[in-house]
There are 2 protein chains.
Amino acid sequence: MKKEDILKKLRSSGLRPTKQRVEIAKFLFERDKTFHFTVESLENHLAKKTTCKFALATIYNTVHAFKKAGHLSEVDVRGKKTYFDTNITDHHHFYDNETSELIDIDASEVVIQKIPKAPNGKKIKNVEVFINLKN
Amino acid sequence: MKKEDILKKLRSSGLRPTKQRVEIAKFLFERDKTFHFTVESLENHLAKKTTCKFALATIYNTVHAFKKAGHLSEVDVRGKKTYFDTNITDHHHFYDNETSELIDIDASEVVIQKIPKAPNGKKIKNVEVFINLKN
DNA sequence: TTTTTACTTTAGAATTATTATAAACTAGAA
DNA sequence: TTCTAGTTTATAATAATTCTAAAGTAAAAA
Ligand SMILES: [Mn+2]
Ligand SMILES: [Mn+2]
Ligand SMILES: [Zn+2]
Ligand SMILES: [Zn+2]
């Protein structure tokens, strides 16, 4: 992902390219594999990787703007913190409760043979499969 | 569910049958269909149904004791509040984002044909299917 | 280039859900 | 009935997140 693409992500999220936002965008989007994170973990990573200072509110605001623009998704994990996901495709997860780690499962790796029909007046938006792991 | 069964639920959770606990247990377990709730919604229901007063801490403590004893389960729902479930069997859910309502899906109504194998050293504990609804 | 404007960062306050505390109360044993 | 361990409760504390408003900055206007 080039600098111009980073700027595109910011613009399409309605965000001016400030120092903080560019650092956050680079950290989140200049990678090959999926990154699952909480605001707290992102803050720690940013503190290590960059010299720039980040107010917590800036991280929250930026992450939410990316989510709203569709550049990040949210994953439901048991617990109090919100988890975000750089993988915005329709996909599933393994969840390791011991390590609180999420692992992506591509949609093609799960085939559902039978599923109930939606309640009256409703339609199915999407199906999420969550596989809990143990040792 | 008879009075004796309610007392059994309390005893097996290590709880003395106090006025508050009996009311909570009756409200949660004297029903046919599944009840999905947050501590806040349970508090509101109890306020309507009974004359007894409940400190929030008592509701939290009692619900957690029931969960620990296996009489309640927890469901992961997007959002900040913890959802509990009187259905303790292995089952799945529809989730209506408009109304924040959960609907049970019996395990037999979902058949999964293909699923990835667990990462090295790990085993699959259980598989949860979450079907998001739209209008 | 300067000036101006609107947007942004930030520290700290506020809010929300939950958990902890410790004093007053009570079920059940003795 | 008395005693004891367990319970309820109001309130304080904590944790995650959101809000606020003052000081700072990017980009448009002059
Ligand atoms: Mn969650
Ligand atoms: Mn949740
Ligand atoms: Zn993912
Ligand atoms: Zn359920």
Side-chain angles (χ1 to χ4, degrees), chain A residues 3-4 6-27 36-47 50-69 72 74-85 100, chain B residues 3-4 6-27 36-47 50-69 72 74-85 100:
Chain A
K3 185 181 280 184
E4 184 49 37
I6 291 297
L7 295 183
K8 223 175 268 176
K9 290 257 197 263
L10 288 168
R11 274 191 238 106
S12 62
S13 308
L15 299 176
R16 279 188 188 172
T18 65
K19 191 154 38 96
Q20 285 82 355
R21 288 168 174 172
V22 171
E23 288 299 331
I24 293 173
K26 281 167 66 180
F27 187 79
H36 296 109
F37 63 99
T38 64
V39 166
E40 192 193 15
S41 73
L42 177 56
E43 183 186 36
N44 293 335
H45 280 108
L46 289 169
T50 78
T51 54
C52 185
K53 298 279 173 209
F54 297 87
L56 203 49
T58 300
I59 304 179
Y60 272 102
N61 290 339
T62 306
V63 164
H64 282 146
F66 285 147
K67 191 196 158 193
K68 200 170 175 182
L72 289 175
E74 198 180 321
V75 188
D76 276 317
V77 175
R78 193 104 81 210
K80 289 160 202 170
K81 293 180 199 168
T82 302
Y83 278 74
F84 296 94
D85 192 339
S100 299
Chain B
K3 184 179 279 184
E4 185 47 38
I6 290 297
L7 295 183
K8 221 175 267 176
K9 290 257 197 266
L10 289 168
R11 273 190 237 108
S12 61
S13 308
L15 299 177
R16 280 189 187 172
T18 64
K19 190 153 40 92
Q20 286 82 356
R21 287 167 175 175
V22 170
E23 288 300 329
I24 294 173
K26 281 166 68 181
F27 186 80
H36 297 108
F37 64 98
T38 64
V39 166
E40 192 193 15
S41 73
L42 177 56
E43 183 186 34
N44 292 334
H45 280 109
L46 289 170
T50 77
T51 54
C52 185
K53 298 278 172 210
F54 297 87
L56 204 50
T58 299
I59 304 179
Y60 272 103
N61 290 340
T62 305
V63 164
H64 282 145
F66 285 147
K67 191 196 157 192
K68 200 170 176 183
L72 289 175
E74 198 180 322
V75 189
D76 275 318
V77 175
R78 192 104 81 211
K80 290 161 200 168
K81 294 180 198 168
T82 302
Y83 278 74
F84 295 93
D85 192 338
S100 298

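We use all heavy atoms of the structure for the numbers below, so side chains are in, but hydrogens, waters and symmetry mates are not.
With the nearest nucleotide of DNA chain C identified for both A55(A) and Y83(B), A55(A) has the one nearer the 5' end.
In this structure, E74(B) atom CD and dT18(C) atom C1' are separated by 12 Å, rounded to whole Å. What separates CD of E40(A) from P of dT14(D) is a distance of 16 Å, to the nearest Å. For L15(A) and dA27(D), the CG to C1' distance is 15 Å, given to the nearest whole Å. The CG-C1' distance, from N61(A) to dT8(C), rounds to 9 Å in whole Å. To the nearest angstrom, C1' of dC19(D) lies 13 Å from CG of L56(A). In this structure, K53(A) places its NZ atom 10 Å from P of dT10(C), rounding to the nearest Å. Nucleotide dG6(D) holds its P atom 16 Å from the CG atom of L10(B), rounded to whole Å. Rounded to whole Å, the distance from CD1 on I59(B) to C1' on dA20(C) is 17 Å.
Separation of atoms OG (S41(A)) and OH (Y83(A)) is listed at 7.5 Å; rounding is to 0.5 Å. We find the CG-NZ distance between L15(B) and K68(B) to be 10.5 Å, quoted to the nearest 0.5 Å.
Side chain of S13(B) to main chain of K9(B): a donor-acceptor pair is present (N/O by atom type, distance under 3.5 Å, no hydrogens or angles). Judged by distance alone, with hydrogens and angles left aside, the side-chain atoms of D76(B) form a donor-acceptor pair with the main-chain N or O of R78(A) at under 3.5 Å. Of the possible polar contacts, none joining the T58(A) side chain to the F54(A) backbone as a donor-acceptor pair under 3.5 Å is found.
Residues from residues 16-27 of chain A with heavy atoms under 4.0 angstrom of DNA chain C, sorted by number: R16(A), T18(A), Q20(A), R21(A).
Among the nucleotides dT9(D), dT19(C), dT18(D), the one closest to the side chain of Y60(A) is dT18(D). Picking from dA16(D), dA17(C), dT9(D) the nucleotide with the shortest atom distance to the side chain of K80(B) gives dA17(C).
Ion pairing of R11(B) with E4(B) is present here, as a side-chain N (NZ or NE/NH1/NH2) and a carboxylate O approach within less than 4.0 Å.
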Next item on the list: Take L42(A) and V63(A) through the test side chain to side chain contact (heavy atoms under 4.5 Å, CB included) and record every step on the way to the result.
Entry: CA-CA 10 Å; L42(A) 177 56; V63(A) 164; 3.7 Å; yes

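Considering only side-chain N and O atoms, H64(A) lies under 4.0 angstrom from the phosphate OP1 or OP2 of dT18(D). Applying the 4.0 Å criterion to OP1 and OP2 of dA17(C), one finds that T82(B) has every side-chain N and O outside that range.
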